[in-house]
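Both backbone and side-chain heavy atoms feed into the values below; hydrogens, waters and symmetry mates do not. Counting starts at 1 for both ligands and their atoms, in listed order.
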Amino acid sequence: MTVTELPAPPTPAAELPPPPGVHLSAPETRAVLTVQDGILRATREYLSEEGFTELLPPIIGPVTDPGGRGSKQVDIDFYGHRYKLMTSAILYKQASLLAFPKIFYIAPNVRLEPLESSSTSRHLAEFHQIDVEMAGAGRDEITAVVEGLVRHAVGRVVERHGRELAALGRDPEVFAALLAKPFDRMTHQDAVASLHGIDHDQNPDAEIDWEGEALISRRADRPFFVTQYPKGSRGFYDREDPAAPGTLRNFDLLAPEGYGEVCSGSEREFDYARLVARIRESGENPAKYGWYLDMARAGIPSSSGFGIGVQRLTRYICGLDKVWQATAYPKLPGVVSP
Ligand code: AMP
Ligand code: MG
């Protein structure tokens with residue numbers, strides 16, 4: 001398999017969603033949104049059964065996830081103070097564990113992704129995450145929750161939404177391996193080596209790029225985890241592995257058939273001094289994170305958590321070309337839309 005086998009990038013015109021009146025009344029959109037409703041219902045069923053409490057997520061705050069993944073944050077004027085729209089509610093998830101040991105949100109995020117990402121078929125400027133955090137959990141426990149949740153959601157969709165899948169031309173047989181077999185895992189280092197083996201120029205210090213994810217995930221028959229990303233490729237809150245410094249106790253879940261990343265997660269850093277050091281290393285001023293660091297100094301639980309992109313998961317389950325097809329009100333990077 002070589003990079004040249006990748007399909008040509010879509011033309012900009014093919015990327016653009018139709019106007020809302022056309023998009024919302026299309027039978028295909030109705031089938032996709034019905035499946036998405038089924039995914040969200042199954043998510044709540046599963047997490048509630050596992051003892052998680054659903055909280056309503058914050059939308060604004062004095063700081064948000066610093067990201068470092070190339071997207072820009074959106075400022076708002078909060079009574080003369082500069083606040084941010086949430087790019088991710090990660091800091092609040094850690095805070096929430098002071099109230100309950102297992103929590104989740106269905107959280108909206110706004111990220112001004114780079115213009116070129118409007119043609120990846122995977123990026124929206126506004127999307128949602130199934131955002132989960134669990135006190136005291138290590139990576140193996142939290143990946144078990146991801147796996148259980150994805151299997152439950154897909155199982156429920158296959159059970160309850162055969163008609164919608166048929167209307168979308170999605171054969172439920174593609175989920176046979178996902179439903180029957182445990183998800184595999186590979187390290188980031190192995191993923192990089194395997195991409196170098198097929199002449200894909202993957203940067204070993206960065207997250208796997210989109211083309212690389214498409215290449216490795218195309219070979220899989222079910223979702224799989226990539227673990228242990230290098231420090232610097234992810235946020236300061238992903239815990240560094242004491243046994244393998246320079247790498248993080250984190251993971252992504254990649255969907256097969258070339259769909260790639262649907263979830264990122266990690267064991268979290270929770271120690272005040274290490275958090276300050278990691279914020280500094282990432283080139284940021286710890287003073288910006290005042291409320292969060294004050295809370296960490298007083299003590300927050302160790303935890304692990306993850307975020308699954310709702311539209312990305314819907315795209316995979318429905319077998320859609322573009323992620324915008326999995327949202328009622330698509331906002332593509334740089335595209336002016338209602
Ligand atoms: P991240 O914190 O960047 O790993 O994002 C968590 C999850 O949200 C990812 O695994 C994706 O499933 C989803 N996600 C991130 N960015 C976008 C985006 N621009 N558009 C749609 N989904 C996204
Ligand atoms: Mg990610």
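- Looking at residues two or more places apart in sequence or on another chain, you find no salt bridge (Lys or Arg N to Asp or Glu O under 4.0 Å) involving R312.
- At least one side-chain heavy atom of M295 sits under 4.5 Å from a side-chain heavy atom of I300.
- Note on E261: its N/O/S atom closest to the Mg ion (ligand 2) is OE2.
- Heavy-atom minimum distance, L248 versus P230: CD1-O, 3.7 Å.
- Enclosure of atom CG in L33 by more than 12 non-hydrogen atoms of other residues, nucleotides or ligands within 6.0 angstrom is indicated.
- Remark: E147 CD is packed, more than 12 non-hydrogen atoms of other residues, nucleotides or ligands lying under 6.0 Å away.
- Ligand 1 is surrounded by R69, R111, E113, R122, H123, L124, F127, Q129, E261, V262, C263, S264, G307, G309, R312, each with at least one heavy atom closer than 4.0 Å.
- Each of D190, T187, T247 was evaluated against Q228; a single residue qualifies, T247, per the side-chain hydrogen bond (donor to acceptor under 3.5 Å, both in side chains) test.
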